[in-house]
Amino acid sequence: MCGIVGYTGDSNATIPLLEGLARLEYRGYDSAGISILADGKITTAKRAGKLAVLVAALKEKSLPNGQVGIGHTRWATHGSPIDRNAHPHLDPDGKVALIHNGIIENYHSLKVALENQGHDFSSDTDSEVVAHLLGAEYSRVNDLTAAMEKVCKQLQGNFSLVAIAVDSPGTLVGARRNSPLVVGLGDGANFLASDVAAFISFTRRALEIGQNQIVTLTASSYSITNFDGEAQNAREFEVTWDASAAEKNGFPHFMAKEIMEQPKALADCLLGRIDEKGQLALNEVRVSDDELRDIEKIIIIGCGSAFHAGMIAKYGIEHWSRIPVEVELASEFRYRDPIITRNTLVLAISQSGETMDTLMALRHAKEQRAKVISICNTHGASIPRESDGVVYTQAGPEIAVASTKAFLTQIVAAYLVGLYLAQVRGIKFVDEVRDILEELDEMPTKIERYLETSERLKELAEEFQSAQSILFLGRHVGYPVALEGALKLKELAYMHAEGFAAGELKHGPIALIEEGTPVLVVMPSPHSPLHDKMLSNVQEIQARGARAIIIASESDLAIADPRAIRIPDAPVLFQPLLAVLPLQLFAYESAVIRGYDVDQPRNLAKSVTVE
Ligand code: AGP
């Protein structure tokens with residue numbers, strides 16, 4: 001997820017562009033850049049690092065005073081966050097500049113075709129490929145809108161694009177598919193941006209751009225077409241949010257926004273994972289197939305939610321690849337003198353890529369000659385940099401301290417590693433892996449369906465707000481979900497909460513149950529061999545007075561409780577991607593009721609860079 005903004009108007013474009021980027025930094029902040037069209041040429045400044053680095057560079061050497069320009073603040077998906085990978089990107093002749101938010105799935109084949117035509121690239125990004133395509137089309141048709149139409153038809157994946165061209169003064173052209181793009185209609189100036197936060201201090205008049213549409217914008221006019229050049233209508237609306245709410249896209253907290261972003265985060269995590277031969281491809285794994293075939297043991301390391309994601313992933317990785325998997329708290333790993341050989345694969349899971357416990361554990365594993373693949377959401381962070389390979393979760397920035405979309409995509413990224421190992425080692429045929437991926441592709445829609453209908457969690461949070469302690473039960477892949485639900489409630493509502501493997505209850509914890517004890521139960525899928533055992537566990541705790549709230553599949557007829565929380569049916573190994581949602585929402589509502597700082601809970605940090 002990146003922040004993009006375009007300006008065309010009567011003032012020096014650098015000023016509104018920088019202000020817009022500052023409002024969009026929450027969408028990505030590993031590099032930033034601006035291009036200005038002035039005096040018949042495009043001048044560009046771009047820097048790795050936060051926007052402040054670019055601002056300082058512009059104080060040293062300002063851009064020309066031009067009235068049209070584009071700006072970008074990046075959350076890297078392809079290519080590490082260094083100057084040359086920052087946007088905007090230009091075509092070889094410098095006639096066109098372009099910014100991009102999204103993931104171009106077929107960029108590799110497009111890049112190879114352009115290289116065969118003699119194109120040289122200065123970056124590792126998918127976006128620069130689009131800039132070259134646009135420059136080539138523009139030089140053919142000499143019309144930026146028509147050129148954009150031709151380019152968009154060649155692209156697969158998600159994109160919102162904004163471009164300027166030397167021979168089209170005062171004009172911005174934008175296009176979108178699955179990534180956001182909105183027009184700001186000002187007085188003597190117009191904007192294009194990822195969201196209204198970029199221009200809300202200039203104008204509250206906005207225009208929605210629909211799917212597969214192109215907008216051609218000047219300071220005083222706009223026109224909207226589809227990718228075939230046919231005129232389209234657009235809905236104008238008034239932005240009622242203040243600037244802060246706009247950064248949260250209208251949500252009261254980043255956590256609420258990120259919970260609702262999970263369908264898209266998951267879809268983005270799955271983007272670009274199938275190669276031209278229809279095989280699962282993890283392009284940045286950089287551990288050879290032969291080395292992967294020699295792996296005899298996998299150790300997953302992580303902290304907090306990342307650790308819980310690893311616990312869930314263990315079930316899938318072992319089931320598909322038949323390689324034994326241990327899951328270890330990163331902070332414990334190196335002190336237990338783990339048995340590691342050259343045939344050990346360590347999977348280091350970390351959203352921030354800077355968690356010191358995980359980084360130190362990774363270093364220990366490397367010293368012991370293990371292969372290390374990291375699963376990370378932050379390009380260029382220490383953990384992926386020090387790993388042999390990486391699978392990026394592609395979830396976009398996660399601002400709230402409490403992990404939600406990162407947690408979900410960590411599970412899926414680790415599952416992809418398990419499927420890749422099964423494919424490489426011949427345990428699963430390519431079509432078997434593809435069948436599983438097709439089931440995974442259905443999950444974003446199921447998650448969206450649950451989130452659209454989810455209610456009652458606020459009521460439940462109100463009902464239990466004075467509880468002294470809340471227990472969470474799960475079995476099999478539901479057990480780590482129970483642990484994650486308890487962690488969410490602890491870190492957000494500061495309540496005592498504990499997750500248990502339900503089979504363990506009778507070995508002690510059931511003594512905790514008394515009249516009215518709230519227990520959230522993650523019911524295994526009706527297809528799971530543990531479903532009936534969990535039914536017995538529920539009866540055991542209810543017989544002792546527990547107030548059981550059951551999270552059950554829609555088709556689970558064995559659960560008659562009208563107050564059960566229903567989630568869509570899903571394969572056993574994918575059920576955690578749904579079962580965790582009500583637990584995230586329950587913890588969120590519990591924090592809101594208490595008036596706590598949802599996005600920045602006390603005592604916590606988004607990235608714990610100390611051991
Ligand atoms: C999760 O809600 C917490 N914020 C915390 O447990 C987090 O998952 C843990 O600190 C690991 O962070 P990382 O993924 O950035 O390494």
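Side-chain atoms are counted along with the backbone in the values below, which use heavy atoms only and exclude waters and symmetry mates. The model shown is predicted, which means the values in this text are computed figures rather than measured ones. In this chain, residues are counted from 1 in sequence order. One-based numbering, in listed order, for ligands and for the atoms of each.
The N/O atoms of Lys488, backbone and side chain alike, include one that comes under 3.5 Å of an N/O atom in ligand 1. Taking only nitrogen or oxygen atoms, main chain and side chain alike, Thr355 reaches within less than 3.5 Å of ligand 1. Residue Val401 has at least one nitrogen or oxygen atom sitting less than 3.5 Å from a nitrogen or oxygen atom of ligand 1, judged on distance alone. Close N/O approach between Ser350 and ligand 1 is found [any backbone or side-chain N/O within under 3.5 Å].
A distance of 5.0 Å separates CG in Asn158 from OG in Ser179, rounded to the nearest 0.5 Å.
Comparing Ala406, Cys303, Gly302, Ala587 by heavy-atom distance to atom 9 (C) of ligand 1, the nearest is Cys303.
For an aromatic pair to be called close, the ring centres must be under 6.0 Å apart, and Phe472 with Phe500 fails this. The aromatic ring centres of Phe407 and His308 sit 6.0 Å or more apart.
The distance from ligand 1 to the heavy atoms of Gly304 drops below 4.0 Å at these ligand atoms: 6 (O). Shown in contact with Ser403 at under 4.0 Å from a heavy atom are these atoms of ligand 1, numbered in order with element: 1 (C), 2 (O).
Shown here are the salt bridge (Lys or Arg N to Asp or Glu O under 4.0 Å) partners of Arg23, two or more places apart in sequence or in another chain: Glu247. Looking at residues two or more places apart in sequence or on another chain, you find no salt bridge (Lys or Arg N to Asp or Glu O under 4.0 Å) involving Glu296.
Given atom 7 (C) of ligand 1, the protein heavy atom at minimum distance is Ser305 N, 4.2 Å. In terms of protein heavy atoms, atom 15 (O) of ligand 1 is closest to Ser352 OG, 2.7 Å. Among protein heavy atoms, the minimum distance from atom 10 (O) of ligand 1 is reached at Val608 CG2, 4.3 Å. Of all protein heavy atoms, the one lying nearest to atom 14 (O) of ligand 1 is Gln351 N, 2.7 Å. In this structure, the protein non-hydrogen atom closest to atom 2 (O) of ligand 1 is Glu491 OE2, 2.5 Å.
By the 4.0 Å N-to-carboxylate-O rule, Arg27 lies close enough to Asp195 to be salt-bridged with it.
By the neighbour-count criterion of 12 heavy atoms within 6.0 Å, atom NZ of Lys458 is sparsely surrounded, having that number or fewer from other residues, nucleotides or ligands.
The backbone N or O of Leu280 lies less than 3.5 Å from a partner atom in the side chain of Gln423, making a donor-acceptor pair.
In this structure, Ala402 is part of the shell of residues with a heavy atom less than 4.0 angstrom from ligand 1.
With Gln584 as the partner, the side chain to side chain donor-acceptor pair (under 3.5 Å) test is satisfied by one option alone out of Lys405, Gln262, Glu484: Gln262.
Looking at Glu354 against ligand 1, nothing comes within 4.0 Å, counting heavy atoms.
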